[in-house]
Amino acid sequence: MELRSQVPEGPIEGRWEKHRFEMKLVNPANKRRFNVIVVGSGLAGASAAASLAELGYNVKCFCYQDSPRRAHSIAAQGGINAAKNYQNDGDSVFRLFYDTVKGGDFRAREANVYRLAELSVSIIDQCVAQGVPFAREYGGTLANRSFGGAQVSRTFYARGQTGQQLLLGAYQALERQIGAGKVQMYPRHEMLDLVLIDGRARGIVTRDMVTGAVESWAADAVVLGTGGYGNVFYLATYCKGANATAIWRAYKRGAAFGNPCFTQIHPTCIPVTGEHQSKLTLMSESLRNDGRIWVPRKKGDKRPPDQIPEDERDYYLERKYPSFGNLVPRDVASRNAKQVCDEGRGVGETGYGVYLDFADAIKRLGATAIGEKYGNLFEMYERITAEDPYRVPMRIYPASHYTMGGLWVDYNLMSTIPGLHVMGEANFSDHGANRLGASALMQGLADGYFIIPYTIGHYLASNTLGKVETSNVAFKQVEGEVGARVSKMLSIKGKRTVDSFHRELGRIMWEHCGMARNEAGLKEALQEIPALREQFWSDVNVLGANEEMNQSLEKAGRVADFLELGELMCLDALERRESCGGHFREEYQTPEGEALRDDNNFTHVAAWEYTGPDSRPIRHQEPLSFEYVHLTQRSYK
Ligand SMILES: Cc1cc2nc3c(=O)[nH]c(=O)nc-3n(C[C@H](O)[C@H](O)[C@H](O)COP(=O)(O)OP(=O)(O)OC[C@H]3O[C@@H](n4cnc5c(N)ncnc54)[C@H](O)[C@@H]3O)c2cc1C
């Protein structure tokens with residue numbers, strides 16, 4: 001397998017411009033001759049499907065929800081970054097690029113990150129033109145707030161519902177094309193495999209989630225925008241349906257998987273309360289603009305927060321990182337929360353929580369102003385915990401939230417399978433080992449609105465693609481394999497529920513491949529996961545039948561994939577013998593407990609190649625070089 005990044009030469013500021021000129025074009029009249037499959041209708045998928053159809057391609061778009069409008073992107077709360085510098089506070093494309101490379105702990109491709117920063121400004125224009133109701137200042141200009149890892153205010157937002165508003169914009173663009181007959185939308189269709197013909201991605205096989213029908217779809221190119229795989233931890237901030245199936249099956253057909261162990265554990269989630277829970281809820285990072293994080297100075301201090309005097313509180317982020325304070329990046333904030341809880345200073349019944357306190361902000365700005373910024377988040381918190389954050393500090397703790405790993409793609413967003421493109425959270429992304437807040441929406445929309453429309457054209461214009469039909473033997477073979485797998489799962493009729501396997505896998509992953517990892521723990525996980533997988537395939541009880549709406553069956557397929565992916569994540573974490581960003585190997589830390597990179601040996605992307613069910617995958621490397629942001633130990637002090 002060869003990893004050719006296809007990064008253009010020349011000064012970084014001009015690379016995308018030059019590349020756009022050098023890429024081949026499909027003549028407007030010829031575009032209607034090409035068929036493109038887009039799997040996913042989140043911000044990445046919907047923006048890509050709408051843009052490609054607008055250009056004239058025939059698009060088929062698939063999602064597993066009942067409407068594209070319900071993609072997980074709708075959950076995004078805090079905002080989207082863009083280097084508009086509306087605040088006149090020193091922002092620029094270069095600064096956003098710099099912050100993102102540094103925030104990702106120097107494990108992302110510089111050229112991609114620069115392009116992302118450059119395109120960020122167009123995204124805001126596009127969304128405003130669509131009518132996305134971004135927050136505005138009194139005078140009518142767009143408002144901004146700050147997110148972690150930045151010292152400027154560059155985050156555009158719509159209260160705590162930014163994802164929903166952006167998705168409505170993309171969804172309307174998509175609906176317009178559905179109405180125009182250029183996009184055929186297939187909701188409740190789950191992609192269960194990828195079909196290759198002559199080594200190229202030429203289609204997919206789906207299961208109709210209402211009737212159980214297994215069907216094939218052919219195209220000239222396939223685009224995946226299927227989101228992240230953080231639900232491998234079972235408890236996570238993702239929607240329950242988020243899964244790895246599309247990218248995992250593509251991996252097994254030959255697409256390299258980049259940096260699978262790079263996951264983001266978000267510092268501000270509502271803490272776990274017990275075994276009964278099936279998911280966790282995020283409290284947006286934007287709250288760290290005004291909320292102050294603290295724990296009692298004394299171990300085991302169980303007094304209610306209002307009875308702990310100021311001088312007995314430890315505002316540990318402000319103390320340790322005076323320049324960034326509560327707005328340090330997520331990996332740093334999460335690790336510090338874990339550390340104070342491990343020291344016995346955590347709050348709440350379990351001791352796994354820290355306070356996020358708005359008392360000072362309310363005193364300074366008033367409850368109304370705070371409500372205007374975060375009202376819906378406060379309400380959500382109160383509904384879940386029965387505590388009013390206007391009066392009592394929120395309790396928060398880190399949880400699985402985002403995956404920086406994903407399918408490896410080149411500068412054109414193409415995977416190692418020709419014709420298979422991957423966007424948004426599903427690709428291994430521009431965020432290196434740690435994503436800065438408000439950068440996922442930016443990346444998904446940059447990919448969908450502004451990159452894929454060019455690079456797909458280049459692929460289609462550069463290759464002679466014969467016509468393929470779903471009657472081709474390759475489709476029939478994959479359909480057979482998909483059907484056999486579904487039947488196998490239904491036939492086991494064991495004693496354990498699908499959820500019990502998922503929960504157990506999540507515990508293993510959290511314990512050994514979560515916020516902190518070490519060699520012994522990872523080796524233990526690499527024993528435990530295959531054993532659990534074997535048990536799954538002999539003892540799982542999948543209820544119901546195929547020919548009906550069957551959520552037990554849907555979950556079983558996804559958990560089966562997580563049981564394989566979890567192992568690859570642990571292997572990747574084991575082999576990366578350094579700490580960087582969200583990947584914290586306990587053996588490699590500075591005397592102050594910060595992540596200690598090994599730039600001599602690990603300044604690369606690890607891209608894994610599948611070699612069969614019982615053999616170890618091959619670890620390839622794409623070297624990374626840093627010409628514009630020089631490799632340094634990250635400091636937020
Ligand atoms: C609670 C929460 C809040 C967040 N807030 C922010 C924020 O404020 N700012 C920010 O930048 N980021 C935020 N993020 C991250 C961000 O929301 C996501 O990274 C981003 O929305 C992912 O978009 P996507 O289009 O890549 O995937 P998704 O929105 O996850 O969409 C995936 C799509 O793929 C489809 N799909 C998946 N698998 C299949 C399959 N096998 N077959 C068919 N269809 C399939 C789904 O139906 C869906 O349409 C937040 C994340 C969470 C969990």
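One-based numbering, in listed order, for ligands and for the atoms of each.
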Does [X] come within less than 4.0 Å of ligand 1, judged by its heavy atoms?
| X | answer |
| --- | --- |
| Val39 | yes |
| Ala242 | no |
| Ala438 | yes |

Between ligand 1 and [X], is the shortest N or O to N or O distance under 3.5 Å?
| X | result |
| --- | --- |
| Gly437 | no |
| Gly424 | no |
| Gln65 | yes |
| Thr245 | no |
| Gly228 | no |
| Leu43 | yes |
| Phe147 | no |

Minimum heavy-atom distance Val38-Gly45, with the two atoms named |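 Heavy atoms only, the tightest pair is CG1-O, 3.6 Å.
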Closest heavy-atom pair and its distance - Gly148, Leu436 |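 So the two residues come closest at O-CD2, 3.7 Å.
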SB check [X] [Y] (cutoff 4.0 Å):
| X | Y | result |
| --- | --- | --- |
| Asp99 | Arg154 | yes |
| Arg159 | Glu372 | no |
| Lys182 | Glu54 | no |
| Asp220 | Arg202 | yes |
| Glu481 | Arg485 | no |
| Asp193 | Arg207 | no |

Can you say whether the rings of Tyr186 and Phe62 are parallel (under 30°), tilted (30 to 60°) or perpendicular (over 60°)?
->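 Plane angle under 30°, so parallel.
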Measure the acute angle between the ring planes of Tyr238 and His72, then classify it against the limits of 30° and 60° as parallel, tilted or perpendicular.
->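 Parallel.
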Per-residue contact class, [X] against ligand 1 - non-hydrogen pairs under 4.0 Å:
| X | result |
| --- | --- |
| Leu441 | both |
| Ser439 | backbone |
| Met283 | neither |
| Glu285 | neither |
| Thr206 | neither |
| Leu282 | side chain |

Pick from [options]: the one approaching [atom] most closely through a non-hydrogen atom:
| atom | options | answer |
| --- | --- | --- |
| atom 14 (N) of ligand 1 | Arg435, Met209, Glu425 | Arg435 |
| atom 16 (C) of ligand 1 | Cys269, Ala46, Ala440, Gly448 | Ala440 |
| atom 9 (N) of ligand 1 | Ala399, Gly45, Gly79, Ala76 | Gly79 |

Residue Ser41 vicinity, atoms of ligand 1 by number, heavy atom under 4.0 Å |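 What qualifies from ligand 1 is 33 (C), 48 (C), 49 (O).
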Which ligand 1 atoms are under 4.0 Å away from a heavy-atom of Ser73?
->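 This gives 20 (C), 21 (O), 22 (C), 23 (O), 24 (P), 25 (O), 28 (P), 29 (O) as the contact atoms.
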Rounded distance (nearest 0.5 Å) linking atom NZ of Lys84 with atom CD1 of Ile123 |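 Between atom NZ of Lys84 and atom CD1 of Ile123 there are 10.5 Å.
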Identify which one of Ile452, Leu43, Leu224, Leu407 satisfies the side chain to side chain contact (heavy atoms under 4.5 Å, CB included) criterion when paired with Met423.
->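 By the side chain to side chain contact (heavy atoms under 4.5 Å, CB included) criterion, Met423 pairs with just one of Ile452, Leu43, Leu224, Leu407: Ile452.
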